[in-house]
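Have a look at the structure below, then the notes.
Numbered from 1 within each chain, the chains take letters A, B, ... in sequence-line order.
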2 protein chains.
Amino acid sequence: MSNIEKPPLAAAFKALSNPHRLTLFNRLLNCCEPGTRCDAASATRFCVGDLGEGLEIAPSTLSHHLKELNRAGLVEMARKGKRVECWVEPEKLKTLSQFFQPNPP
Amino acid sequence: MSNIEKPPLAAAFKALSNPHRLTLFNRLLNCCEPGTRCDAASATRFCVGDLGEGLEIAPSTLSHHLKELNRAGLVEMARKGKRVECWVEPEKLKTLSQFFQPNPP
DNA sequence: CCCATAATTCGAAATATGTCGAATATTGAA
DNA sequence: TTCAATATTCGACATATTTCGAATTATGGG
């Protein structure tokens, strides 16, 4: 487990394996309005604090989880004034979705 | 982390978060021939031993990982004589694939 | 019935993860 | 500049995971 290849996909799934992180990701998942062309520019954004709303975890834990999602390449982050905005790149979703469709019809 | 809800999806992703398990799952993923209607009956099957081929892990570890994949609902298992066959239900793949497509076009 | 093959269970050890609180940064506003 | 709001880093601790080898179970063949 220490010197074997760790594919990016495994890292992504690890990030999503924690219920708290899965919830956070889920809140960013409906990133564009239904029926619209979903590009990075129109993706819904939440700041860190709002994302953790209702989840009863410490701010430090929330920060840690978002960082994990970011390191796994699932969530983008950018400071905007006092806040830090988070969003999901639609391209990333496509990649993950297609992993489970190895034989398209 | 002890008393919070643990959604089935989180369990699935946790199962796929380990590189060895991801490899095992991957070997079962191309479960049907390209272009054919992919149903459970025609899904490719491997026995436990063959699945672990090339992965340098102990039989007990291999068994453990398959059990995890099975418990997470990702891999089906059934004894067939001396062997135990493993396969992936196409329905499961559809569910996982759609999770990453919350806003279909 | 006895043996070989295939797979699982169990217990132990090393490592990784989730979580918190305290301390620290970063920014905008008064 | 000083303060409040937002977010991150750090160190610590409890719990979970990964892995192995030894022992055990399950099955079919001779």
After noting the C-alpha distance and the side-chain angles of B/K92 and B/E89, does the key distance pass the salt bridge (Lys or Arg N to Asp or Glu O under 4.0 Å) rule?
-> CA-CA 5 Å; B/K92 190 59 69 173; B/E89 295 282 0; over 6 Å; no

Calculate the interatomic distance between B/N70 atom CG and C/dA7 atom P; express it in whole Å.
-> 14 Å

Check: B/S17/A/S17 side-chain N/O donor and acceptor closer than 3.5 Å | no

Is there a donor-acceptor contact under 3.5 Å from the side chain of B/R27 to the main chain of B/E53?
-> yes

Whole angstrom value for the distance that separates P of C/dT8 from CG of B/L62 = 8 Å

To the nearest Å, give me how far apart NE2 (B/H20) and P (C/dT15) are.
-> 16 Å

Report the nucleotide, chosen from D/dA22, D/dT9, C/dA16, that has the shortest atom-to-atom distance to any side-chain atom of A/K14.
-> C/dA16

So, do B/V88 and B/T44 sit near enough that their side-chain heavy atoms are less than 4.5 Å apart?
-> no

From the options D/dC20, D/dT8, C/dT8, select the nucleotide whose nearest atom is closest to the side chain of B/I57.
-> D/dC20

Whichever of B/M77 and A/S60 has the more 5' nearest nucleotide on DNA chain C, that residue is B/M77

Give B/L66 one of three labels, base, sugar-phosphate or nothing, depending on what nucleic acid heavy atoms sit under 4.0 Å from its own.
-> nothing

What orientation do A/F13 and A/F99 show, parallel under 30°, tilted 30 to 60°, or perpendicular over 60°?
-> tilted

Distance test, side-chain N/O of B/N18 to OP1/OP2 of D/dT18, below 4.0 Å = yes

Kindly indicate whether the side chain of B/L9, heavy atoms from C-beta on, has any atom under 4.5 Å from the side chain of A/L16.
-> no

Look at the side-chain N and O atoms of B/T61 and state whether any lies under 4.0 Å from the OP1 or OP2 oxygen of D/dT19.
-> no

Same cluster or not: are A/L51 and A/I57 linked, directly or through other Ile, Leu, Val, Met, Phe, Trp or Tyr residues, by side-chain heavy atoms under 4.5 angstrom apart?
-> yes

A/D50 CG to D/dA5 P, in whole Å, measures 15 Å

When we call it a touch if two heavy atoms are under 4.0 Å apart, what does A/H64 touch: a base, just sugar-phosphate, or nothing?
-> base

Taking the side chain of A/A58 as heavy atoms from C-beta outward, which of D/dT9, C/dA16, C/dG21 is closest to it?
-> C/dG21

Spacing of A/H65 atom NE2 relative to D/dT9 atom P, expressed in whole Å | 15 Å

May I have the distance from B/R45 (atom CZ) to C/dA6 (atom P), rounded to whole angstrom?
-> 19 Å

Could you tell me the separation between the CZ atom of B/R21 and the C1' atom of D/dT17, rounded to a whole number of Å?
-> 8 Å

May I have the distance from B/E53 (atom CD) to C/dA7 (atom C1'), rounded to whole angstrom?
-> 15 Å

When you compare the protein's N or O atoms with those of nucleotides 24-29 of chain D, which come within less than 3.5 Å of each other, and at what distance?
none

